[in-house]
There are 2 protein chains.
Amino acid sequence: MTTIKDVARAAGVSVSTVSHVLSGRRPISEPTRLRVLEAIERLGYRPNRLAQGLVSKSSRSLGLLVPDLANPFFGSMAEAMEIAAHDRGYSVILCNTNLDPKREADYLSMLLSRQVDGLLYFPGTRVPNRALLEAVAAGVPVVVVDERIDNLPGVFVDNFDGGRQLGRLLAQLGHRSLLFIGGPEGLPTVTDRLNGLRAGLAEGGSAPTNLLLRFGEYRASHGYETIHVCAREGVFAAVGDERPTAVVAANDMIALGALRALRELQLQVPRDCSLTGFDGVEFTAMITPSLTTVQQPSTRVATAAVELLLQRIESGENHRDRAAQRQQAHDDQAEVAPVIPHVVLPVTLVVRESVAPPPPQR
Amino acid sequence: MTTIKDVARAAGVSVSTVSHVLSGRRPISEPTRLRVLEAIERLGYRPNRLAQGLVSKSSRSLGLLVPDLANPFFGSMAEAMEIAAHDRGYSVILCNTNLDPKREADYLSMLLSRQVDGLLYFPGTRVPNRALLEAVAAGVPVVVVDERIDNLPGVFVDNFDGGRQLGRLLAQLGHRSLLFIGGPEGLPTVTDRLNGLRAGLAEGGSAPTNLLLRFGEYRASHGYETIHVCAREGVFAAVGDERPTAVVAANDMIALGALRALRELQLQVPRDCSLTGFDGVEFTAMITPSLTTVQQPSTRVATAAVELLLQRIESGENHRDRAAQRQQAHDDQAEVAPVIPHVVLPVTLVVRESVAPPPPQR
DNA sequence: TATCGAAATCAAAACGTTTTGATTACCAGG
DNA sequence: CCTGGTAATCAAAACGTTTTGATTTCGATA
């Protein structure tokens with residue numbers, strides 16, 4: 001490999017001169033500059049970022065912790081975040097947590113070893129993760145994406161409002177008995193969507209007589225199995241208000257699985273049962289029936305998350321000196337509670353073929 | 001940050017002793033070892049991988065170049081590769097090439113700067129990319145995934161056979177007029193699938209009287225628009241052998257878009273027109289009608305790619321000394337042409353609801 | 001003419017590791 | 001009792017950068 005030393009020798013200057021040409025931090029005479037640039041070009045020199053990182057104490061890289069890349073929602077988020085980071089000169093280290101807190105801890109430790117400048121974190125399961133909090137305590141800037149965690153900065157959408165819009169729509173259509181198939185129980189997105197749903201139903205003029213709740217993973221298989229389990233329990237055989245006339249899935253993948261299962265049960269969507277999703281990934285517009293869902297501005301969420309993280313990184317909000325600074329502030333004057341930014345982006349209800357008024361009661 | 005120096009001081013030993021405790025390369029007395037480990041634990045020491053990489057000349061990281069993470073096929077591949085790499089102690093730097101050769105070149109340069117030990121490369125468009133070949137020439141081990149490139153090691157599936165199985169099936173059902181909606185023209189996967197399709201059709205006893213070809217991106221929008229464009233051109237209004245009775249999409253995303261467009265044209269799948277995909281991503285089983293497709297063993301492809309790459313890395317197949325070694329070999333004896341491994345994995349035809357015999361001629 | 005500041009350059013230290021002799025102490029074998 | 005080898009440890013060099021304090025030269029100012 002050709003190093004800065006080789007360039008210096010080839011150009012007949014010192015190593016520091018080459019560095020100054022590259023960084024522009026000190027004036028260099030034009031002839032020298034040209035000779036150096038020519039040598040760089042000729043030798044195909046490429047600075048070693050490990051060495052740069054060692055002295056600058058910054059690897060210019062971000063850790064991206066994501067639960068499940070096979071889910072196109074996370075895929076497109078990851079894509080948008082990587083692109084935003086790249087545009088700002090940062091690389092992204094991909095970590096697939098697979099909903100496993102142990103894996104998360106493992107990755108976190110690796111990322112700290114690699115001196116990442118910040119973390120983009122999609123919580124997979126119940127939050128917060130202990131290892132993540134330790135990383136935060138160690139002074140690594142973190143932005144939580146797609147999920148609200150009280151004491152950590154985050155970027156996410158107005159899940160409550162999304163749920164509410166769905167609730168209003170369904171209430172207005174006349175649905176009073178619903179099955180809510182949630183994601184992991186206790187996850188703020190899930191809870192917010194559910195609470196919004198309740199509020200929307202009430203606003204729409206229908207205190208639901210029956211709201212059945214199921215929780216599980218954010219996966220198609222969970223939607224599929226839940227429907228079949230419910231069917232086995234006789235949920236869909238019930239009469240009157242007992243029988244759900246609409247299925248509200250906590251995300252699009254769950255809805256997709258549910259749709260399949262409903263079809264296998266000979267329940268036609270939306271004639272026999274309405275169905276809604278959440279997230280608005282691409283396929284929801286393509287399937288039959290097309291899915292009524294709540295559209296997230298996922299690219300905006302992704303770029304906002306990266307912006308927020310870089311802002312925190314570059315403002316030096318990080319660093320283990322933080323504790324010391326705090327102490328300082330404490331001595332000087334009344335301590336100001338640090339502001340934890342939460343960026344909340346709006347969602348859009350997209351009404352498509354999968355909803356209709358409930359069927360006439362049998 | 002706490003460094004190895006801090007640990008050494010705390011344990012009352014030299015820096016090298018701490019290093020030896022950690023690496024086990026030299027014997028250390030038990031009491032010393034324990035004191036060092038205790039100090040590490042107490043200080044929360046974590047070795048700096050940048051520094052390690054600088055001296056070991058290996059970052060223990062891989063570059064992953066992928067065209068489009070929003071496509072769940074690439075998403076699940078990326079996921080599986082990252083997991084396999086992590087299991088072997090390597091990190092993955094994510095690069096979203098977005099089908100743009102310029103971006104690819106940009107990423108490649110960055111990855112070399114970061115001293116990645118190897119590259120996992122999904123070609124997006126016409127191959128090979130100049131920048132990639134330069135990286136290879138520079139001695140970075142590369143494995144091409146999902147695509148056959150003659151002079152580069154690769155892992156991919158038997159696309160020809162997949163196409164052939166589809167062709168046989170369709171021929172046996174009686175289809176003689178087909179529309180093939182390809183991915184990027186000239187991409188080996190696309191060509192192989194198409195050639196296989198032709199062979200299969202012939203084997204199945206139907207030299208197609210009409211095989212219409214369209215090329216474009218591996219995206220749902222391409223399938224969607226192609227169908228509409230064809231409709232506008234009167235393709236589906238033709239009578240007799242002119243009218244395609246089956247649409248063969250080069251991958252599942254294209255098929256998904258095509259399915260939607262066909263439905264908008266009031267063409268029912270499979271009654272009026274059969275439809276097939278390729279790859280076998282999860283949603284193909286869930287949509288209505290469920291999609292006949294060719295299933296790739298994507299996890300196996302992904303892990304095989306990582307295995308192959310690590311094998312090449314760890315066998316020291318890399319390094320710029322390669323040229324020198326070659327020269328050496330040349331002097332010693334007749335030069336042995338280096339073997340470029342191509343791992344080809346089998347595919348499985350999955351027949352689902354989206355195919356049927358062609359409708360009776362109007 | 002003596003002084004000052006800026007431009008241009010260099011040498012050396014520092015970043016946090018691993019690796020490689022040296023050095024010491026000890027014990028076994030002749 | 002000397003010789004060699006091995007266990008245990010340390011000091012120093014090296015990895016490829018950036019940064020900082022000198023140093024030199026030169027033109028402008030007092």
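This structure is a prediction, so every number in the text was calculated from the model and none was measured. Proteins get letters first, then strands, A, B, ... in listed order; numbering begins at 1 in each.
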Novice: Separation of A:Glu30 atom CD from C:dA8 atom C1', in whole Å?
Specialist: 13 Å

Novice: Please tell me which of the listed nucleotides, C:dT17, C:dT18, D:dT19, lies nearest to the side chain of A:Ser19?
Specialist: D:dT19

Novice: Would you indicate, yes or no, if C:dT19 has its OP1 or OP2 atom less than 4.0 angstrom from a side-chain nitrogen or oxygen of B:Arg25?
Specialist: yes

Novice: Counting any heavy atom closer than 4.0 Å, what does B:Arg33 reach on the DNA or RNA strands: base, sugar-phosphate only, or nothing?
Specialist: nothing

Novice: Give, for atom CD of A:Gln311 and atom CZ of A:Arg88, the distance between the pair rounded to the nearest 0.5 Å.
Specialist: 9.0 Å

Novice: Would one find a side-chain N or O of B:Lys57 under 4.0 angstrom from OP1 or OP2 of C:dT18?
Specialist: no

Novice: Looking at A:Ser56, does any N or O in its side chain come under 4.0 Å of the phosphate oxygens OP1/OP2 on D:dT17?
Specialist: no

Novice: Heavy-atom distance under 4.5 Å between the side chains of B:Leu111 and B:Leu65, does that happen here?
Specialist: yes

Novice: Do B:Val21 and B:Val13 come within less than 4.5 Å of each other through their side chains, counting heavy atoms only?
Specialist: no

Novice: Among C:dA11, C:dG16, D:dG16, which is the nearest nucleotide to the side chain of A:Ser14?
Specialist: C:dA11

Novice: Using the side-chain heavy atoms of B:Pro27, tell me which of these nucleotides is nearest: C:dT19, D:dA8, C:dT17.
Specialist: D:dA8

Novice: Check this for me: does the side-chain of B:Arg114 come within 3.5 Å of the base of D:dG16 through a donor and an acceptor?
Specialist: no

Novice: Do we see a donor-acceptor contact under 3.5 Å between the side chains of B:Arg114 and A:Ser91?
Specialist: yes

Novice: Tell me what B:Thr32 touches on the nucleic acid: a base, only sugar-phosphate, or nothing, going by heavy atoms under 4.0 Å.
Specialist: sugar-phosphate

Novice: Counting side-chain heavy atoms from CB outward, which of D:dC15, D:dC10, D:dT18 is closest to A:Val55?
Specialist: D:dT18

Novice: How close or far is atom P of C:dT18 from atom NE2 of B:His20, stated in whole angstroms?
Specialist: 9 Å

Novice: Tell me: CG of A:Asp6 to P of D:dC15, nearest whole Å?
Specialist: 11 Å

Novice: Output the rounded distance in Å from CG (B:Leu22) to C1' (C:dT18).
Specialist: 11 Å

Novice: Using only modelled atom types and a 3.5 angstrom limit, is any donor from either the side chain of A:Ser16 or the base of C:dA11 paired with an acceptor on the other?
Specialist: yes

Novice: I'd like to check A:Asp106 versus B:His86 (side-chain heavy atoms, cut-off strictly below 4.5 Å). Are they in contact?
Specialist: yes

Novice: Just checking B:Val13: base, sugar-phosphate only, or nothing, at a heavy-atom cut-off of under 4.0 Å?
Specialist: sugar-phosphate

Novice: Could you state the atom-to-atom distance from CG of B:Asn48 to C1' of D:dC15 in whole Å?
Specialist: 13 Å

Novice: Roughly how many Å is it from CD1 in B:Ile4 to C1' in D:dA12, rounded to a whole number?
Specialist: 15 Å

Novice: On DNA chain C, nearest-nucleotide positions of B:Pro47 versus B:Arg26: which is more 5'?
Specialist: B:Pro47

Novice: Report the distance from atom CD of B:Gln52 to atom P of D:dG16, rounded to the nearest whole Å.
Specialist: 16 Å

Novice: Could you state the atom-to-atom distance from CD1 of A:Ile40 to C1' of D:dG16 in whole Å?
Specialist: 14 Å

Novice: From the options D:dT18, D:dT9, C:dG16, select the nucleotide whose nearest atom is closest to the side chain of B:Ile28.
Specialist: D:dT9

Novice: Hydrogens and angles aside, do A:Ser56 and A:Ser58 bring a side-chain donor and acceptor to less than 3.5 Å of each other?
Specialist: no

